[in-house]
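These notes concern the structure reproduced below.
Just so you know, these numbers use all the heavy atoms, side chains as well, and skip hydrogens, waters and symmetry mates. Numbering of residues begins at 1 and proceeds along the displayed sequence.
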Amino acid sequence: MHLRYRRFSSIRCHLQEGEQGTIQRHSFIRMSKLPDVRGRITYISSHAKQENLYAVYETTDRHYWTEIAKCNQQEFQKSGTEGKCIEAREFIIALPESFTNLYEPGRLLQLFTDRFKEKYGVECVSALHHNKRKTNYHIHLVFSEREMLPEPTEKTATRNMFYDEQGKHVRTKKEILDENGNVRKGCKIVKKGEVYERSLFTVKNRLFKQDDFVDEVKHFYTDLINTLVKDDKEKQQVFDENGLYLATKKIGKNNPKEEQIQTDNEYRMRWNREVDRAIVSGVAETEIQQIKKEYISDRIRESVDVFGSQPERLGTILMSAVAVLAMLVSKVLQKARELSAKLFDTGQIPPQTPKQEPVPKPAEKEMPNKPKIPPKPVMSAEAAAYPKLFKIYKELKRQNEIIFEAEKERNAWELERDDLKGLAKFIKKGEVQSRIDRKNEEIDILKIGLSGIAKRYGYQNVQEFYRIYYQSHSAYVAYRKQEAEWDKRYNGGNRKQNKESVHEKLKNPSKKTMDYQHQRTVKSKDKGAR
């Protein structure tokens, strides 16, 4: 028990060290729909409503937003669509905290807003804020989905046109008359020759409704942020939604779903840790991706189709996926151990790369001008990093072996529990189950430690480390090959001469060496005489 607790203590210390590593953050850029664009603009740009408002920037006047809201409402009514009318959209863009000291707020806000308008050609209103605790420096960027036309387009009635209370066009006048033959309140008649429709804006840009638009903007602004940061440690990256990992959700202030989101985040982190372990264990990324699709993405889609929106079902789906991935990891590790043991027992040695024969030197007569020896290959920074990366690689492997052994012990206890019969089932089951529970807690901590190793050395996750590790390994192997070829071609003669000179020295020892041997012989004879 004492050793086990000491082991847990070292793991916790290891986790604390991992949390202190430099990790590249994911950028936070979120889009939302605005059913009341004028109200939203007033809210984000008002000093009375915002405690920490630093700057406001507008690419057009406020009258524009009144007209765009009116246009959108009219088009929404004509479409007959249910729900809320979307008058505009908004991006919230989180900025590094260092920007508060590096850049003047007004100019920073103008840069981000103008870049968006240049790229997409729409009008914007933006505001630069801090939250109450001044830990979240961010931009609110409101933008229109329509562009203003150079000249308004007008449609003139070729005959009398009739509209009901909802503004819908009806065919005959009778449809808007009451029992007394008068036009009902709210209905209207547009006489022949009058303008019945006047458009100031284009139709909504379909790009803003596409799924990949938000991802495009995330990359666009993340690249802009990374060009502005002074410290490489503050550089950001966009989370890959189609990758192996699951993103955790941010919990906003006074969020009524805080407890549910926190629970979901725990399940997502469990999956991410199991992915880290699968990569260390040698599971192919394509297999991990297939499990994610089949047991997470497809299951969530099926759940929504059958049961509707039930976020509480996410935990069950994720834990099922974690169990499937853990089972695959166990099989891969067991197979690797069996193969290693078989090779060791049979004494088989993995095939080695055949040695290349040295290139014969041309005769002196054929080479009147001796060629210049090229410089010796220089190790690149990528190859030079390999020894350090290899140490991290071995550390991950050691941690994974500890987890595997703990799981084997846990599995043995589970078999013992399931085999209990009769009176022993009632007496020992509780004791064995408590051992299993404690072992599961230990395994969870060990898995957290596995992911913590990569983070401690400054990597976002194990996948990122392995990508860099394999690149460095390839560069290191290529350098060693180039160095060996250079030595064989240009340094082989010198080495041969050195070896021959040593051999000659052994065959013809120097006078000093011979005198020393003679003295030892004389001394040994004297000792024998005594």
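Of all heavy-atom pairs between A475 and S380, the closest is CB-OG, 4.3 Å. For A278 against I288, the heavy-atom pair with the smallest separation is CB-CD1, 3.7 Å. Heavy atoms only, all atoms of each residue included: A321 and Y295 are closest at CB-CB, 3.8 Å. Closest non-hydrogen pair, C124 versus W65, comes out as C-CZ2, 3.9 Å. Across all non-hydrogen atoms, the minimal contact from N72 to C85 is O-SG, 3.4 Å. Taking both residues in full, the closest heavy atoms of H26 and V238 are given as CD2-C, 4.3 Å, listed atom of the first, atom of the second, then distance.
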* Output, in order, the C-alpha distance, side-chain angles, deciding distance and verdict of side chain to side chain contact (heavy atoms under 4.5 Å, CB included) for V322 and Y267. => CA-CA 9 Å; V322 168; Y267 288 123; over 6 Å; no
Evaluate F208 against F143 for ring pair (Phe, Tyr, Trp, His ring centres under 6.0 Å), listing each step before the verdict.
CA-CA 10 Å; F208 302 140; F143 66 97; 5.2 Å; yes
Passes side chain to side chain contact (heavy atoms under 4.5 Å, CB included), F220 versus I29? Steps please.
CA-CA 10 Å; F220 171 68; I29 301 170; over 6 Å; no
How far apart are the C-alpha atoms of Y459 and Y393, what are their side-chain angles, what is the distance that settles it, and do they pass the ring pair (Phe, Tyr, Trp, His ring centres under 6.0 Å) test?
CA-CA 13 Å; Y459 300 95; Y393 173 84; over 10 Å; no
Is there a side chain to side chain contact (heavy atoms under 4.5 Å, CB included) between S281 and N400 once you walk through the steps? CA-CA 7 Å; S281 302; N400 197 32; 2.8 Å; yes
As a quick check of understanding, evaluate side chain to side chain contact (heavy atoms under 4.5 Å, CB included) for H140 and Q50, giving each step before the final call.
CA-CA 12 Å; H140 292 266; Q50 300 297 331; 5.9 Å; no
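To the nearest 0.5 angstrom, I41 atom CD1 is 13.0 Å from S46 atom OG. Remark: K331 NZ to L333 CG distance equals 13.0 Å, nearest 0.5 Å. Residue N205 holds its CG atom at 8.5 Å from CD of E145, rounded to the nearest 0.5 Å. Atom CG in L450 sits 14.0 Å away from atom CD1 in I445 (nearest 0.5 Å). In this structure, the separation between CD1 on I443 and CZ on R410 is 4.0 Å, given to the nearest 0.5 Å.
Judged by distance alone, the side chains of Q260 and E312 never bring a donor and an acceptor atom under 3.5 Å apart. Using modelled atom types, one finds no donor on one side chain facing an acceptor on the other under 3.5 Å when comparing T222 with Q236. Residues R40 and S32 bring no donor and acceptor atom of their side chains to less than 3.5 Å of each other. Using modelled atom types, one finds no donor on one side chain facing an acceptor on the other under 3.5 Å when comparing Y466 with E285.
For S303 (side chain) and R299 (main-chain N/O), no donor-acceptor pair under 3.5 Å exists by modelled atom type. Using modelled atom types, one side-chain atom of S474 and one backbone atom of Y470 make a donor-acceptor pair closer than 3.5 Å. A side-chain donor-acceptor contact under 3.5 Å links Q399 to the backbone of L446.
Side chains of K70 and Q74 form a contact here, defined as non-hydrogen atoms less than 4.5 Å apart. When side chains are defined from C-beta on, V217 does not count as touching M31, because their heavy atoms never get closer than 4.5 Å. Between D276 and Y245, some side-chain heavy-atom pair lies under the 4.5 Å cut-off. Counting heavy atoms from C-beta outward, K292 and L244 have side chains that stay 4.5 Å or more apart. Side-chain contact between E123 and M148 is absent, with no heavy atoms from C-beta onward closer than 4.5 Å. No side-chain heavy atom of L228 sits less than 4.5 Å from a side-chain heavy atom of L95. Under the 4.5 Å side-chain criterion, counting only non-hydrogen atoms from C-beta, N52 is not in contact with H129. At least one side-chain heavy atom of L318 sits under 4.5 Å from a side-chain heavy atom of R268.
Ion pairing between a basic and an acidic side chain is recognised when a charged N comes within 4.0 Å of a carboxylate O; E395 and R456 show such pairing. Under a 4.0 Å N-O distance rule, the pair K439/E442 qualifies as a salt bridge. The existence of a salt bridge linking K447 and E407 is confirmed by a sub-4.0 Å separation between a basic side-chain nitrogen and an acidic carboxylate oxygen. Look at E401 and R337 and you find a salt bridge, because one of the NZ, NE, NH1 or NH2 atoms lies within 4.0 Å of a carboxylate O, short of that distance. We find that R301 and D298 are joined by a salt bridge, their nearest charged nitrogen and carboxylate oxygen being less than 4.0 Å apart.
Taking the ring centroids of Y137 and Y54, they lie under the 6.0 Å cut-off. Taking the six-membered ring where the residue is Trp, the centroids of F91 and F213 are separated by under 6.0 Å. Taking the six-membered ring for Trp, F112 and F99 have ring centres at least 6.0 Å apart.
Considering only residues two or more places apart in sequence or on other chains, Y64 meets the ring pair (Phe, Tyr, Trp, His ring centres under 6.0 Å) condition with F201.
A parallel orientation is assigned to the rings of F116 and Y221, their planes being inclined by less than 30° (bins at 30° and 60°).
Within 6.0 Å of atom CZ in R115, 12 or fewer heavy atoms from other residues, nucleotides or ligands are found, so the atom counts as exposed in its surroundings. Surrounding CZ of R30 are at most 12 heavy atoms belonging to other residues, nucleotides or ligands under 6.0 Å away. Enclosure of atom NZ in K397 by more than 12 non-hydrogen atoms of other residues, nucleotides or ligands within 6.0 angstrom is indicated.
A cation-pi geometry, defined here as NZ or CZ lying under 6.0 Å from the six-membered ring centre and within 45° of its normal, holds between K188 and Y163.
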